[in-house]
Enquirer: 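After the structure tokens below, expect a handful of questions from me.
Sequential numbering from 1 along the given sequence is applied to the chain's residues.
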Amino acid sequence: MPGFGLTMGLTLTWLSVIILIPLAGLFLKSLELSPEQFWNILSSRRTLNALRVSFGLAFAAACVNLVMGSIIVWALVRYRFPGRRLFDAIVDVPFALPTAVAGVALTALFAEKGWLGAPLAALGLKVAFTPVGIFVAMIFIGIPFVVRTVQPVLQDLDPEIEEAAGSLGASRWQTIIRVIVPSLAPALLTGLALAFARAVGEYGSVIFIAGNLPNVSEIAPLLIVIRLSEFRYADATAIAVVMLVVSFVIIFAVNRLQRWAQSRIPAR
């Protein structure tokens, strides 16, 4: 096609300047460490716990967002009710809200004397300044990625397909499992990957509600910032490289699952 060379050149240049060169610089910086030094940094108890908190809670939050986001999408697409447009706009609030503002709001809401924190504290459940608070913050910032990824796909899914399955004797549950879910699977996996990636790297909304106790509620991005403030650049680089590699591997695996699910959808 005309203009392919110019377009591809600009694309590769822009991606290189914005993404590839900074990432290459990160890896080159990590090469200054010997394998023993690299391993000692990563195998420290504080680093392992920070990585466990970040990746474990991010994946759990992404799974919750996958389920609840799908329900929200179904309600917004399949039903007509007063205030639907308002609720549809509310979904995008985490996109527009500064992360620090979100962190302060969540902390005030779930503190022991907050609107939601007080009744939960009465039940013996503490949210703010615990790993549970990190989990809540990650759900908050990740839900729009699932909703906005799945919503257009569900809108394009003709309801007549569901009616046809019902007329052939399929129960409502069979229609969901065998008709709707396979059609939405690629979009669901994409939303899961985006929500996970967003939660893993989240900083602003998490540090306010986390408590930031080493080995308890300290996330990996915060530990990187702490190491930089201590001028321990090697430690910060090693942790960042591990986060980058693990995140890439997980997203790549989800992308492969997405392609596999897409290949199993029959052509229309």
Enquirer: Going from CG on Leu33 to CG on Asn40, what distance comes out if it is rounded to the nearest 0.5 angstrom?
Expert: 10.5 Å

Enquirer: Check which hydrophobic residues are tied to Leu48 through side-chain heavy-atom contacts below 4.5 Å, counting indirect links as well, and list them.
Expert: none

Enquirer: Work out which heavy atom in Ile251 is nearest to a heavy atom in Ala197; give both atom names and the distance.
Expert: CD1-CB, 3.7 Å

Enquirer: Tell me, please, which residues at least two apart from Glu202 pass side-chain hydrogen bond (donor to acceptor under 3.5 Å, both in side chains).
Expert: Arg198, Ser205

Enquirer: Does the plane of the ring in Phe248 sit parallel, tilted or perpendicular to the ring in Phe252? Use 30° and 60° as the thresholds.
Expert: parallel

Enquirer: So do Val181 and Ile176 actually touch side chain to side chain, heavy atoms under 4.5 Å?
Expert: yes

Enquirer: Looking at CD of Glu218 and CZ of Arg52, how far apart are the two atoms once the value is rounded to the nearest 0.5 Å?
Expert: 11.5 Å

Enquirer: Looking only at heavy atoms, what is the nearest atom pair of Pro221 and Val200, with distance?
Expert: CG-O, 3.6 Å

Enquirer: For Ala210 and Ser217, work out which heavy atoms get closest and say how close.
Expert: O-OG, 2.9 Å

Enquirer: Out of curiosity, Thr237 OG1 to Ile224 CD1, how far, rounded to the nearest 0.5 Å?
Expert: 9.0 Å

Enquirer: Would you say Leu184 ends up clustered with Phe145 if hydrophobic residues are merged whenever their side chains have heavy atoms under 4.5 Å apart, either directly or through other cluster members?
Expert: no

Enquirer: Please answer: with hydrophobic residues joined when any side-chain heavy atoms are less than 4.5 Å apart, are Phe129 and Val132 in the same cluster?
Expert: no

Enquirer: Should we say atom CD of Glu36 is surrounded by more than 12 heavy atoms from elsewhere, each under 6.0 Å from it?
Expert: no

Enquirer: Could you give the distance from CG (Leu66) to OG1 (Thr149), rounded to the nearest 0.5 Å?
Expert: 10.5 Å

Enquirer: With rounding to the nearest 0.5 angstrom, report the OG1 to CG distance, Thr7 to Leu12.
Expert: 11.0 Å

Enquirer: Classify the angle between the aromatic ring planes of Trp74 and Tyr79 as parallel (below 30°), tilted (30 to 60°) or perpendicular (above 60°).
Expert: perpendicular

Enquirer: On a heavy-atom basis, which atom in Ala195 and which in Val146 lie closest, and how many Å separate them?
Expert: CB-CG2, 4.1 Å

Enquirer: Taking all non-hydrogen atoms of both residues, which atom of Pro22 and which atom of Val17 are closest, and how far apart?
Expert: CD-O, 3.5 Å

Enquirer: Shared ILVMFWY cluster between Leu15 and Leu10, side chains joined below 4.5 angstrom?
Expert: no

Enquirer: Check the surroundings of atom CZ in Phe231: do more than 12 heavy atoms from other residues, nucleotides or ligands lie under 6.0 Å from it?
Expert: no

Enquirer: Show which residues join Met138 in its hydrophobic cluster (side-chain heavy-atom contacts under 4.5 Å, direct or indirect), or state none.
Expert: Val53, Leu57, Val64, Val67, Met68, Ile71, Val104, Ile134, Phe135, Ile139, Tyr203, Val206, Ile207, Phe208, Ile219, Leu222, Val225, Ile226

Enquirer: Please check if the side chain of Thr130 supplies one atom and the backbone of Val127 the other of a donor-acceptor pair under 3.5 Å.
Expert: yes

Enquirer: Step by step, work out the side-chain contact (heavy atoms from CB on, under 4.5 Å) result for Phe140 and Ile209.
Expert: CA-CA 12 Å; Phe140 176 82; Ile209 197 173; over 6 Å; no

Enquirer: Restricting to pairs with a member in residues 104-115, which pass side chain to side chain donor-acceptor pair (under 3.5 Å), not counting sequence neighbours?
Expert: none

Enquirer: To the nearest 0.5 Å, tell me how far Ser247 OG sits from Phe55 CZ.
Expert: 4.0 Å

Enquirer: Do Val77 and Ile90 land in one hydrophobic cluster if side-chain heavy atoms of ILVMFWY residues count as linked below 4.5 Å?
Expert: yes

Enquirer: Does a sphere of radius 6.0 Å around CZ in Phe59 hold more than 12 heavy atoms from other residues, nucleotides or ligands, not counting ones at 6.0 Å or beyond?
Expert: no

Enquirer: Which atom pair, heavy atoms only, marks the closest approach of Val153 to Ser183?
Expert: CG1-O, 4.0 Å

Enquirer: Around atom CZ of Arg46, are there more than 12 heavy atoms of other residues, nucleotides or ligands at under 6.0 Å?
Expert: yes

Enquirer: Count I, L, V, M, F, W, Y as connected when their side-chain heavy atoms are under 4.5 Å apart, and connections chain through other members. Are Phe38 and Phe27 then in the same cluster?
Expert: yes

Enquirer: Measure the shortest side-chain to side-chain distance between Leu76 and Phe81 over non-hydrogen atoms and say whether it is less than 4.5 angstrom.
Expert: yes

Enquirer: Would you say that Val91 contacts Gln151 through its side chain, given a criterion of any heavy-atom pair below 4.5 Å between the two side chains?
Expert: no

Enquirer: Using the test side-chain hydrogen bond (donor to acceptor under 3.5 Å, both in side chains), find all partners of Lys126 that sit at least two apart in sequence or belong to another chain.
Expert: none

Enquirer: Can you run down the side chain to side chain donor-acceptor pair (under 3.5 Å) pairs that involve residues 132-147, sequence neighbours left out, and say none if there aren't any?
Expert: none

